[in-house]
Amino acid sequence: DEEEEDNPPSSTVADGNTTTATTSSSILTETSFESLGVCPPLVEACHKLGWKNATRIQETVLPEALQGRDIIGLAETGSGKTGAFCLPVLQRLLENPIRGAVFAVLLAPTRELAFQIHQVVEGLGQSMGATSVCVVGGVPMTQQAIALGRNPHIVVATPGRLLDHLTNTKGFHLRKLQYLVLDEADRMLSLDFEQELNEILQVIPEDRRTLLFSATMTSKVQKLQRACLKDPVKVEVSTKFQTPQQLLQSYLFIPAKYKDCYLTYLINEHAGQSILVFGATCNNVQRLALMLRNLGFPAICLHGQMTQPKRLGALHKFTSGARSILICTDVASRGLDIPQVDVVINFDLPGHGKDYIHRVGRTARAGKSGKAIAMVTQYDVEVYQRLEGLLGKKLPEYKLDEETVLVLLERVNEAQRLATRELKEQLAASKQSGRRKRRSEDDPEEAIQQEIKKGYMGGSGGRGGALPNQRGSGRQSKKYKHKK
């Protein structure tokens, strides 16, 4: 590995359809955007966004994409993939403007990532008059339908909501589409979005450019490549399972019953720094945020059961620095460019190595350094060993003195009790208002106890695999087949 790091980045084109760049310690290059063929208005827009030089993925992708080639791009998180697909789309729009129809669709798996891509498109396209609309769930369809009726040049969307508009919004179509971009393509092609994606592919022109980007790739990409990519260039600037090189990773082996106490100690130890904590379930994430707030920490939570305005509000508070601790589920693990995340703590281990890569990829972005700590209980050993196998290396242990940590135990236990009561009240209130349906509607108390038990049992839930909503796509598909 050390020998490989000393090699400078290089690009080769073989058989006209593969471009690879070897591993390098630096994500940024000395290459300017002008030298890659980007037009002056877009170069100026890049400088306004603070992009002086191209990243390695941009340096390799842009010359090919600007020539109108289909691209499969593989690069670690935080490497500048968004710029690598936004610039070619906008430059082609500048050269061949079309009116009265959508020029490009950019698809993302999560709402937050879609909003982020939309902001980049707006930032780059503002000076040239490019219009963009973000179409995601959680926002009234009528507002979006009005915006789509104005025929924006670029639509940034999640697949489900885009399909809703194609089906129900009168006059909206993609018959003149020139570009289709899929960010986080591996998740797009997983079971979650495969059906929606197939339906979208049926209503867009075959004569278009398609760009696929992701931090990780799966065999499903081959299936889509056959379906809609023509003579693609495969651009790879990292290995299959790779974490950012400036990232200091370690694991903390702890007894499950003191898990909350160790988390509190870790957060206290990194006080003043920006911390991202990943949990397995919505309720557990909510409980942890309440517990930490009761202990006086500026914590906020982000999970899939929150309304869209609350999700964006939580994200804004964290990115602006109003709150320094964000407790979240995997909804925040993919693609989000949150500046200055210093520490990522995996409170519950993810069930799949790919999810770990995306989680820890929230720190050490664009060449900066960062720290990731995995909390491993006696129930997580099997999952953790599988993770080390995927990473191809053993992580160092993060050593803490148990006696010192357990000094906090009494205060943490009291904060836990308060958090449990608050969460119980919130669940009861949501049940009364009829906003959410839960399996455990009849007994919020029981629901809380189950969540706490899950929290103590860690990522594996004591079953040698992940919690049900954290399992890899392979297991999920079996489960769904069984249901069908």
Side-chain angles (χ1 to χ4, degrees), residues 76-78 241-280 284-285 288-289 291-292 295 297-299 301-302 318 324-330 332-333 336 338 340-365 368-391 393-402 404-406 408 412 455-460 466 470:
E76 62 199 42
T77 58
F241 286 98
Q242 181 162 340
T243 50
Q245 292 189 351
Q246 307 295 324
L247 180 66
L248 298 168
Q249 299 176 81
S250 51
Y251 75 94
L252 178 62
F253 191 61
I254 52 169
K257 61 180 177 179
Y258 298 137
K259 204 172 180 185
D260 287 357
C261 197
Y262 271 88
L263 176 69
T264 306
Y265 187 87
L266 279 175
I267 284 174
N268 195 42
E269 200 177 48
H270 296 95
Q273 292 179 291
S274 175
I275 305 168
L276 205 53
V277 180
F278 282 101
N284 207 25
V285 160
L288 287 172
M291 182 192 82
L292 290 169
L295 288 164
F297 293 106
C301 65
L302 174 67
F318 186 64
S324 61
I325 302 159
L326 181 66
I327 321 283
C328 53
T329 55
D330 276 320
S333 74
L336 292 193
I338 303 167
Q340 301 300 328
V341 175
D342 302 307
V343 186
V344 170
I345 298 172
N346 278 295
F347 182 79
D348 294 318
L349 285 182
H352 200 284
K354 283 197 306 178
D355 294 329
Y356 177 82
I357 306 249
H358 285 290
R359 284 182 179 192
V360 300
R362 298 312 97 215
T363 184
R365 292 176 76 79
K368 298 182 187 125
S369 61
K371 187 190 279 189
I373 302 164
M375 297 177 74
V376 185
T377 69
Q378 65 268 36
Y379 304 112
D380 300 324
V381 175
E382 189 187 328
V383 177
Y384 180 70
Q385 285 174 336
R386 220 164 43 225
L387 186 62
E388 280 192 334
L390 283 169
L391 292 171
K393 61 181 176 184
K394 291 206 173 291
L395 303 184
E397 186 174 2
Y398 191 93
K399 293 199 181 295
L400 289 178
D401 177 46
E402 188 166 304
T404 316
V405 174
L406 294 184
L408 298 168
V412 170
Y456 284 149
M457 291 170 96
S460 68
Q470 294 288 294

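Worth saying up front: this structure is predicted, and the values here are computed from it rather than measured. Values below: every heavy atom of this structure, side chains too, minus hydrogens, waters and symmetry copies.
Using a 4.5 Å cut-off on side-chain heavy atoms (C-beta onward), Ser324 and Phe297 make no contact. Residues Gln249 and Ile373 fail the side-chain proximity criterion, which asks for heavy atoms closer than 4.5 Å. For the pair Thr264/Met291, a side-chain contact is recorded, criterion being any heavy-atom separation below 4.5 Å from C-beta on. Side-chain atoms of Ile267 and Val277, non-hydrogen and from C-beta on, do get closer than 4.5 Å to each other. With contacts defined as side-chain heavy-atom distances shorter than 4.5 Å, the pair Phe347/Asp260 qualifies. Contact annotation: the side chain of Pro255 approaches that of Glu402 to within less than 4.5 Å [non-hydrogen atoms, C-beta and beyond]. For the pair Pro298/Ile325, a side-chain contact is recorded, criterion being any heavy-atom separation below 4.5 Å from C-beta on. Between Pro350 and Arg359 the shortest side-chain heavy-atom distance falls below 4.5 Å.
Classification of Lys371 and Asp342 as a salt-bridged pair fails, no side-chain N sitting under 4.0 Å from a carboxylate O. The existence of a salt bridge linking Asp348 and Lys259 is confirmed by a sub-4.0 Å separation between a basic side-chain nitrogen and an acidic carboxylate oxygen.
Residues forming a side chain to side chain donor-acceptor pair (under 3.5 Å) with Gln273 (at least two apart in sequence, or on another chain): none.
To the nearest 0.5 angstrom, Asn268 atom CG is 6.5 Å from Leu408 atom CG. Between Leu406 atom CG and Cys261 atom SG the span is 5.5 Å, to the nearest 0.5 Å. We find the CD1-CG distance between Ile357 and Leu390 to be 7.5 Å, quoted to the nearest 0.5 Å. Note that CZ of Phe253 is 11.5 Å distant from NZ of Lys399, once rounded to the nearest 0.5 Å. One distance of note links CD1 of Ile327 with CG of Asn284; it measures 10.0 Å at 0.5 Å rounding. Atom OG1 of Thr377 sits about 8.0 Å away from atom CG of Leu349, to the nearest 0.5 Å.
Within the 6.0 Å centre-distance limit, the rings of Tyr384 and Tyr251 are counted as a close aromatic pair.
Considering all non-hydrogen atoms of both residues, Ala299 and Ala289 come closest at CB-O, 4.1 Å. What you find for Ile254 and Gln378 is that their closest heavy atoms are O-OE1, 3.7 Å. Listed here is the closest heavy atom pair of Ser274 and Val341: OG-CA, 3.8 Å.
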Worksheet item: Are Cys328 and Leu276 close enough, and set up right, to give a side-chain contact (heavy atoms from CB on, under 4.5 Å), and what steps lead you there?
Response: CA-CA 7 Å; Cys328 53; Leu276 205 53; 4.0 Å; yes
Practice prompt. Before giving the answer on side-chain contact (heavy atoms from CB on, under 4.5 Å), spell out for Phe278 and Asp355 the whole-Å C-alpha distance, their side-chain angles and the decisive distance to 0.1 Å.
Written response: CA-CA 11 Å; Phe278 282 101; Asp355 294 329; over 6 Å; no
Worksheet item: Should Tyr258 and Val405 be marked as a side-chain contact (heavy atoms from CB on, under 4.5 Å) after you check the CA-CA gap, both sets of side-chain angles, and the distance that decides it?
Response: CA-CA 9 Å; Tyr258 298 137; Val405 174; over 6 Å; no
Worksheet item: Can you list the steps and then say if Asn346 with Val360 is a side-chain contact (heavy atoms from CB on, under 4.5 Å)?
Response: CA-CA 8 Å; Asn346 278 295; Val360 300; 3.9 Å; yes
